[in-house]
Amino acid sequence: MKSVRADLPSDLPPAQRALVRVVASIPPGRVASYGEIASRAGLPGRARLVGRVLREAPEAWALPWFRVLRADGRLAFPPGSRAFREQARRLAAEAVLVVNGRVDLARHGWERDLDELLWGMGGDAK
DNA sequence: ACCGTGACGGTAT
DNA sequence: TATACCGCCACGG
């Protein structure tokens with residue numbers, strides 16, 4: 001084996017474990033911002049930690065990392081980059097379209113209070 | 001121990 | 001709407 005960096009969920013610090021749990025619970029077809037993930041995990045203001053965790057997260061965990069975007073709905077990767085295209089592709093597979101490098105949060109956001117208000121029926125967000 | 005970096009975010013301009 | 005700053009914090013050099 002090489003280094004013992006990011007693996008073993010057992011060694012994972014509580015904070016990071018909480019973040020992983022939240023990311024894993026993002027419903028398919030929905031997206032959430034790094035900041036929202038952090039807040040939901042009880043770590044407000046730690047958005048950067050979310051990015052770090054996702055970067056280090058082993059493939060084996062199969063986390064829905066592609067459902068995590070920046071607060072303004074734009075993908076966190078450089079437009080056109082490999083990761084960017086991959087994320088856009090995976091989102092599209094869930095009917096979440098990326099237009100101009102961004103996703104319409106009001107439409108696909110995990111927390112779409114505004115939408116529920118407008119449509120008067122959020123029969124799934126929770 | 002200091003410093004630059006980064007899958008971020010909110011505010012001001 | 002886009003850019004510039006600044007706060008935040010774990011890491012690696």
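Worth saying up front: this structure is predicted, and the values here are computed from it rather than measured.
Rounded to an integer number of Å, the gap from A:Leu91 CG to B:dA7 P is 18 Å. Rounded to an integer number of Å, the gap from CG of A:Leu43 to P of C:dG7 is 21 Å. In this structure, CG of A:Leu49 is placed 17 Å from P of B:dG6, rounded to the nearest angstrom. Put simply, CG on A:Leu54 is 17 Å from P on B:dG6, counting in whole angstrom units.
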Polar pairs (N or O, both sides) under 3.5 Å between protein and nucleotides 9-13 of chain B?
unit_1: B:dG9; atom_1: OP1; unit_2: A:Tyr34; atom_2: N; d: 3.3
unit_1: B:dG9; atom_1: OP1; unit_2: A:Gly35; atom_2: N; d: 2.8
unit_1: B:dG9; atom_1: OP2; unit_2: A:Ala71; atom_2: N; d: 2.7

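Comparing A:Arg74 and A:Arg46 by the nucleotide of DNA chain C that holds the closest heavy atom to each, the one mapping nearer the 5' end is A:Arg74.
The pair A:Asp72-A:Arg74 meets the salt-bridge criterion, since a charged nitrogen lies less than 4.0 angstrom from a carboxylate oxygen. Look at A:Arg90 and A:Glu94 and you find no salt bridge, because none of the NZ, NE, NH1 or NH2 atoms lies under 4.0 Å from a carboxylate O.
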>> Would A:Ile37 and A:Ile26 count as a side-chain contact (heavy atoms from CB on, under 4.5 Å) here? Give the steps.
In response: CA-CA 9 Å; A:Ile37 300 299; A:Ile26 304 174; 3.7 Å; yes
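B:dG4 is paired with C:dC11 under the Watson-Crick or G-U wobble criterion, all donor-acceptor distances under 3.5 Å.
A chain of hydrophobic side-chain contacts below 4.5 Å, direct or via other Ile, Leu, Val, Met, Phe, Trp or Tyr residues, connects A:Phe66 to A:Trp61.
Residue A:Arg55 is classed as a base contact, given a heavy-atom separation below 4.0 Å to a base.
Scanning for side-chain hydrogen bond (donor to acceptor under 3.5 Å, both in side chains) contacts around A:Arg21 gives an empty result, with sequence neighbours left out.
With a 6.0 Å cutoff to the six-membered ring centre and a 45° limit on the axis angle, A:Arg40 counts as a cation-pi contact of A:Trp110.
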